[in-house]
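Written below as structure tokens is the structure these notes are about.
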Amino acid sequence: MTARVDLFAHPLGAKVLKHINSAGKAVSDSGLPAATQELVKIRASQINGCGFCTDMHTKDAAAAGETSLRLNLVAVWREATVFTEAERAALELTEQGTRIADAAGGVTDEVWANAAKHYDEDQLVALMSLIAIINAYNRINVINQQPAGDYRPGQFG
């Protein structure tokens, strides 16, 4: 599989990615825990079928010290005992925020209130923003058929 367009070499593609990366940097520099950020990116990427982002974020998380057990259980986090209540709240918000078209009301008040129990307002803004950013990346990569498997941890950072 090869990408339809080399977005990194294309002038407009590179410009768009630069701006999305800037938004991502604001989130990564926030008070939202780094491990939570990676879990969110992995879960949204799994839901959206984005192999490139799933490859990238599982490798980056592992390089940052995340365990293979937790990485292997992200897709089934509801049944797994290895995630904190705060991480579970973030994963639920990620799922509802990613599956907006599947849920008539979008993110429920119950899911939002649960996340708000674990994260302050700045962290909630970071979490919302991260969910939007990773969904944008997933969509670009899926549409472009960006191949997965060759990513090296820290390659783009």
Side chain to side chain contact (heavy atoms under 4.5 Å, CB included) partners of Ala3, counting only residues at least two apart: Asn144, Gln146, Pro147
Listed partners of Asn135 passing side chain to side chain contact (heavy atoms under 4.5 Å, CB included), at least two apart: Ala44, Asn48, Thr98, Ile131, Arg139
Which heavy atom of [X] sits nearest a heavy atom of [Y], and at what distance?
X      : Y      : result
Thr36  : Ala90  : CG2-CB, 3.7 Å
Val142 : Gly49  : CG2-O, 3.8 Å
Ala89  : Asn114 : CB-ND2, 3.6 Å

Rounded distance [0.5 Å steps], [atom1] in [X] versus [atom2] in [Y]:
X      : Y      : atom1 : atom2 : result
Glu87  : Glu85  : CD    : CD    : 10.0 Å
Ile143 : Asn138 : CD1   : CG    : 10.5 Å
Leu127 : Leu93  : CG    : CG    : 5.0 Å
Cys50  : Met56  : SG    : CE    : 8.5 Å

Results of salt bridge (charged side-chain N to carboxylate O under 4.0 Å, His left out) for Glu66 - residues two or more places apart only: Arg70
Residues which pass salt bridge (charged side-chain N to carboxylate O under 4.0 Å, His left out) with Asp60, listed by chain and number, not counting sequence neighbours: none
Side chain to side chain donor-acceptor pair (under 3.5 Å) partners of Thr94, counting only residues at least two apart: none
Salt bridge (charged side-chain N to carboxylate O under 4.0 Å, His left out) contacts in which one or both residues fall within residues 23-46, not counting sequence neighbours: Lys25-Asp29, Glu38-Lys41, Arg43-Glu95
Pairs flagged by salt bridge (charged side-chain N to carboxylate O under 4.0 Å, His left out) wherever residues 128-138 is involved - sequence neighbours left out: none
Cluster overlap Leu130 with Ile20, hydrophobic side-chain contacts below 4.5 Å: yes
Cluster link Met128 to Ile47, ILVMFWY, side chain under 4.5 Å: no
Side-chain donor-acceptor pairs of residues 115-122 under 3.5 Å, sequence neighbours excluded:
{"unit_1": "Tyr119", "atom_1": "OH", "unit_2": "Ala86", "atom_2": "O", "d": "2.8"}
{"unit_1": "Asp120", "atom_1": "OD1", "unit_2": "Asp122", "atom_2": "N", "d": "3.1"}
{"unit_1": "Asp120", "atom_1": "OD1", "unit_2": "Gln123", "atom_2": "N", "d": "2.8"}

side-chain hydrogen bond (donor to acceptor under 3.5 Å, both in side chains) contacts in which one or both residues fall within residues 1-19, not counting sequence neighbours: none
Other cluster members, Val76 - Ile/Leu/Val/Met/Phe/Trp/Tyr, side-chain contacts below 4.5 Å: Leu39, Ile42, Leu69, Leu71, Leu73, Val74, Trp77, Val82, Phe83, Leu91
Criterion side chain to side chain contact (heavy atoms under 4.5 Å, CB included) on Tyr137 and Phe52, from CA distance to verdict: CA-CA 10 Å; Tyr137 268 123; Phe52 184 82; over 6 Å; no
Any side-chain heavy-atom pair of Gln37 and Ser30 under 4.5 Å: yes
